[in-house]
Chemist: 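Here it is: the structure, laid out below.
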Amino acid sequence: MSNIKPAWWKEMSVYQIWPRSFADGNNDGIGDLHGVLEKLDYIKALGVDAIWFSPLYPSPNCDYGYDCADYKNIHPEYGDLGLFKQVLDGAHERGMKVIMDLVINHTSDHHEWFVKSREEPESEYHDYYYWRKGKKPGGKKPPNNWLSVFEGKAWEYNKELDEYYLHVFAKGQPDLNMSNPKVREEVKSILRFWLELGVDGFREDVITYIAKREGLPNGFPLLPIGRGMEHWTSLPPVKDYLREFQDEVLTPYGGFTVGEAPGMTPKLAKEYITAQDGKQPLLDLMFHFQHMEADCFMTDFIGLPFSLKKLKKAFSSWQREMFGEGWNALYIENHDHPRIINRYGSPKYREASGKMLAAMYILQSGTPFIYQGQEIGMTNITLDRLDQFKDVATFNVYNLVKKFGMKEERFVKLANRKSREHARTPVQWKDAPNGGFCDAEPWFPVNQNYSEINVEAAEADPNSILHWYRALLQFRKENPLVIYGGYQEHYKSSRSLYAYSREHEGKRLLVVCTFGEKPVQFCAPKGFDLTQGKQVFGNYAPPETQTNSFVTKPWECRVYMWE
Ligand code: GLC
Ligand code: CA
């Protein structure tokens, strides 16, 4: 028996929309809210209970909305507040919640606060940001040795002021000074604005970065990207700021929160998401990154061979540590990573591996998030030239490796595997020019495989990945075992199988996932009898007679239940 307190956000599953590439309703090549409105039934039919929108706000798009120029408005490319309200009402009518992205570590350099901080240095806005004198005058040496995550040095010089401003991400993303109470008042006002409008919660962008070490000391010198991060990751004041937002705004409105948390460990996460002293936790959920590092080191670009053991260890430690104490946010894709089938699965066995990966994470304990296109098994695109890429983060890596002699051609090959832009190709709706996304030139190339991989084809094929996702989400809804059950891993040291069981009020579930095409012998773990269980999922036709062991097919997944 578990002592988990039920909550709607524990039972929900969420669909993430990256608006620019989801659906283009007015046919100008850019996804928008008209498109979302048309697709609400499609989203609902997937069986999700909420939509999280990546930023919809006005933005000069140096980081496609993650550089926000106006927190209380909608980007004209996507629509306006009236249209947003229609989408919100449409989602609510269908029983789906709406979660907004909240990007408060930084604003856009076009935001009026930043413009005033620069143009009117005597005004209160100057202290909304980290403006500092350099170590030498005239822009010859910045205040410290920090390097940004997206664009060279973390400091940008302004000649008129003879001061630098801090940007942990791109130059167009100046960091807000959250230690300034006025900035925190602004944040609370943003939260209230959207909650008053009726949204249900927030996904809080790089929330563990919002406090910077006092005195802004130099960082550990060796890191080539993000140098100094030990002085801006999960510092104690982050919790004070979140406490303030929670107590003063989120709790009174009942607003849900999921924080993006680079560098998070289960132990530290409990300080944020476990209720303490009878108060609301600081956040409901956290997106950690540990299971997204099974084929890389720190960033997708520093690739390592895929390690199933590393993947299992990450998942299992969060499952174990959160049980009864916190709650997991489950995801394997979002707008910041290449497509999962290319990473942890196999494009050659796209359907089998796509289904296996879906069951592997959705049947764990936690709230599942599904990223647009993931539900039809979209894969990475292959681009021919560097100038077809668009993302500031991709170019940052290029500028770095170029210095070490990497040629453009080789880098394009690397980016074709590692760039986060694979998640940003337009959703493939049907076998029509541009995958049915638009007739105009799309803002970003559509993957050429759209004639095979598209929503219409997936709808028509009862064995598609899409129908598999729908069935999994439906099964999760119907079985509290999947939501509230305990978790146990089996055969931990296997290099090709990930097997775990769930248990709740006398019911049990066994999930067996094969990583790879090589056949392996699977024997039911002690205490489980496959011949007595019901096979509830399988990405191959079920065997004519169940036996207590079997030899796996490529990327095979089987799920058994005992009631
Ligand atoms: C988060 C977002 C990412 C963005 C970055 C800076 O990691 O998910 O897309 O580029 O923050 O805002
Ligand atoms: Ca459009």
Side-chain angles (χ1 to χ4, degrees), residues 18 20-22 29 31 54 61-64 66 149-151 170 224-225 289 292-307 311 331-351 353-354 357 371-374 376-428 433-435 437 441-454 465 515-517 555:
W18 197 76
R20 208 170 181 76
S21 288
F22 179 64
S54 273
N61 287 334
C62 91
D63 190 16
Y64 295 108
Y66 286 95
V149 181
F150 280 174
E151 225 176 357
I225 285 183
F289 285 58
M292 298 305 275
E293 291 167 2
D295 64 352
C296 62
F297 176 68
M298 285 181 75
T299 138
D300 292 342
F301 270 99
I302 309 180
L304 294 171
F306 171 71
S307 159
L311 183 74
Y331 74 98
I332 50 175
E333 278 195 17
N334 61 32
H335 61 295
D336 288 333
H337 300 280
R339 293 287 181 178
I340 200 67
I341 290 176
N342 295 80
R343 296 185 64 183
Y344 297 175
S346 157
K348 182 174 160 205
Y349 294 98
R350 189 182 68 89
E351 278 208 15
S353 69
L357 290 165
Y371 180 67
Q372 65 187 35
Q374 180 189 333
I376 57 163
M378 279 176 61
T379 56
N380 287 355
I381 192 172
T382 303
L383 296 176
D384 305 322
R385 303 183 320 269
L386 188 63
D387 64 10
Q388 291 174 296
F389 290 87
K390 300 232 188 270
D391 177 29
V392 60
T394 306
F395 288 99
N396 192 35
V397 179
Y398 177 61
N399 290 332
L400 183 74
V401 295
K402 201 166 63 174
K403 287 190 196 137
F404 294 95
M406 191 185 279
K407 295 270 174 303
E408 185 173 321
E409 219 180 275
R410 239 191 89 209
F411 179 74
V412 169
K413 281 201 182 123
L414 180 69
N416 273 330
R417 291 191 292 121
K418 300 295 185 184
S419 146
R420 62 180 182 167
E421 291 173 87
H422 298 291
R424 301 173 177 195
T425 64
V427 169
Q428 297 154 213
N434 299 323
F437 177 73
E441 177 80 6
W443 81 277
F444 194 69
V446 177
N447 196 316
Q448 282 307 320
N449 63 19
Y450 68 77
S451 41
E452 182 205 342
I453 304 171
N454 63 68
I465 296 179
F515 283 75
E517 42 182 305
W555 303 92

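No experiment lies behind these values; they were computed from the predicted model shown.
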Chemist: Ring pair (Phe, Tyr, Trp, His ring centres under 6.0 Å) with Phe515: which residues, sequence neighbours excluded?
Modeler: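 Only Phe306 meet the ring pair (Phe, Tyr, Trp, His ring centres under 6.0 Å) criterion with Phe515.
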
Chemist: In chain order, what residues pass the salt bridge (charged side-chain N to carboxylate O under 4.0 Å, His left out) check against Glu517, with sequence neighbours excluded?
Modeler: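 Checked Glu517 against salt bridge (charged side-chain N to carboxylate O under 4.0 Å, His left out); matches are Lys348.
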
Chemist: Using residues 442-454 as the side-chain source, report each donor-acceptor pair under 3.5 Å to any protein atom, sequence neighbours left out, with the distance given to one decimal.
Modeler:
residue	atom	partner	partner atom	Å
Trp443	NE1	Arg20	O	3.3
Trp443	NE1	Ser21	OG	3.1
Asn447	OD1	Asn449	N	3.1
Asn447	OD1	Asn449	ND2	3.3
Asn447	ND2	Thr379	O	3.1
Asn447	ND2	Asn380	O	3.0
Asn449	OD1	Gln428	NE2	3.1
Asn449	ND2	Thr379	OG1	2.9
Asn454	OD1	Glu456	N	3.1
Asn454	OD1	Ala457	N	2.7
Asn454	ND2	Tyr450	O	2.8
Asn454	ND2	Ser451	O	3.4

Chemist: Which atom pair, heavy atoms only, marks the closest approach of Arg417 to Pro338?
Modeler: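 Answer, listing the atom of Arg417 first, then Pro338: O-CG, 3.4 Å.
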
Chemist: What pair of heavy atoms forms the shortest contact from Asp295 to Met292, and how long is it?
Modeler: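 Where Asp295 meets Met292 most closely, the heavy atoms are OD1-O, 4.2 Å.
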
Chemist: Above 12 or not: heavy atoms from other molecules or residues under 6.0 Å from CD of Glu409?
Modeler: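 Counting neighbours around CD of Glu409, 12 or fewer heavy atoms of other residues, nucleotides or ligands fall under 6.0 Å, so no.
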
Chemist: Taking only residues two or more places apart in sequence, or in another chain, which ones meet Asp387 in a side chain to side chain donor-acceptor pair (under 3.5 Å)?
Modeler: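 Testing Asp387 for side chain to side chain donor-acceptor pair (under 3.5 Å), a comparison that skips the adjacent residues, returns Arg385.
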
Chemist: Closer than 3.5 angstrom, by distance alone: can the side chain of Arg350 be matched with the main-chain N or O of Ile341 as a donor-acceptor pair?
Modeler: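 Checked: no pair found.
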
Chemist: Would you confirm whether Ser353, through its side chain, and Ser346, through its main-chain N or O, come within 3.5 Å as a donor-acceptor pair?
Modeler: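 Side chain of Ser353 to backbone of Ser346, a donor-acceptor pair under 3.5 Å: yes, one is there.
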
Chemist: Is there a donor-acceptor contact under 3.5 Å from the side chain of His422 to the main chain of Ala415?
Modeler: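 Between the backbone of Ala415 and the side chain of His422 there is a qualifying donor-acceptor contact (under 3.5 Å).
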
Chemist: Tyr398: what forms a ring pair (Phe, Tyr, Trp, His ring centres under 6.0 Å) with it, not counting sequence neighbours?
Modeler: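 So Tyr398 forms a ring pair (Phe, Tyr, Trp, His ring centres under 6.0 Å) with Phe411.
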
Chemist: Is the shortest side-chain heavy-atom distance between Met298 and Ile225 below 4.5 Å?
Modeler: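 No, their side chains stay 4.5 Å or more apart.
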
Chemist: Using side chain to side chain contact (heavy atoms under 4.5 Å, CB included), reason through Ile465 and Met378 one step at a time and then give a plain yes or no.
Modeler: CA-CA 10 Å; Ile465 296 179; Met378 279 176 61; over 6 Å; no

Chemist: Indicate the atoms forming the closest heavy-atom contact of Asp384 with Val412, along with that distance.
Modeler: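 Reported closest heavy-atom pair: O-CG1, 3.7 Å.
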
Chemist: Could you pull out all residues at least two apart from Phe404 that satisfy side-chain contact (heavy atoms from CB on, under 4.5 Å)?
Modeler: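 With sequence neighbours excluded, Phe404 shows a side-chain contact (heavy atoms from CB on, under 4.5 Å) to Leu400, given in chain and number order.
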
Chemist: Who are the side chain to side chain donor-acceptor pair (under 3.5 Å) partners of Asn416, not counting sequence neighbours?
Modeler: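 Residues passing side chain to side chain donor-acceptor pair (under 3.5 Å) with Asn416: none at all.
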
Chemist: On a heavy-atom basis, which atom in Pro347 and which in Asn342 lie closest, and how many Å separate them?
Modeler: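 Of all heavy-atom pairs spanning Pro347 and Asn342, the closest is CG-ND2, 3.6 Å.
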
Chemist: Could you grab the distance from atom CD of Glu293 to atom CD1 of Ile302, nearest 0.5 Å is fine?
Modeler: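 Output value for this atom pair is 10.5 Å.
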
Chemist: Indicate the atoms forming the closest heavy-atom contact of Phe389 with Thr394, along with that distance.
Modeler: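 Closest approach of Phe389 to Thr394: CD2-CG2, 4.2 Å.
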
Chemist: Using the test side chain to side chain donor-acceptor pair (under 3.5 Å), find all partners of His335 that sit at least two apart in sequence or belong to another chain.
Modeler: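 Side chain to side chain donor-acceptor pair (under 3.5 Å) check on His335 returns Gln16, Tyr66.
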
Chemist: Taking ring pair (Phe, Tyr, Trp, His ring centres under 6.0 Å) as the definition, give me every residue that meets it alongside Tyr371, ordered by chain and number, with sequence neighbours left out.
Modeler: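 Tyr371: no ring pair (Phe, Tyr, Trp, His ring centres under 6.0 Å) contacts found.
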
Chemist: If only atom types and distance count, is the side chain of Asn396 paired as donor or acceptor with the main-chain N or O of Val392 below 3.5 Å?
Modeler: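 Answer holds: no.
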
Chemist: Sequence neighbours left out, what passes salt bridge (charged side-chain N to carboxylate O under 4.0 Å, His left out) with Glu151? Give chain and number order.
Modeler: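 Residues passing salt bridge (charged side-chain N to carboxylate O under 4.0 Å, His left out) with Glu151: none at all.
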
Chemist: Does anything in residues 395-405 pair up under salt bridge (Lys or Arg N to Asp or Glu O under 4.0 Å), and if so which pairs, sequence neighbours excluded?
Modeler: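 Output for this query is empty, none listed.
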
Chemist: When you measure from the side chain of Tyr344 to the backbone of Ala294, do you find a donor-acceptor pair of N or O atoms at a distance under 3.5 Å?
Modeler: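 Yes; at least one donor-acceptor contact below 3.5 Å.
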
Chemist: Does any N or O in the side chain of Glu333 come within less than 3.5 Å of the main-chain N or O of Ala423, such that one atom is a donor and the other an acceptor?
Modeler: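 No: the side chain of Glu333 does not pair with the backbone of Ala423.
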
Chemist: Please list, chain by chain and in numerical order, all residues satisfying side chain to side chain donor-acceptor pair (under 3.5 Å) with Asp336, sequence neighbours excluded.
Modeler: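 Checked Asp336 against side chain to side chain donor-acceptor pair (under 3.5 Å); matches are Arg420, Arg424.
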
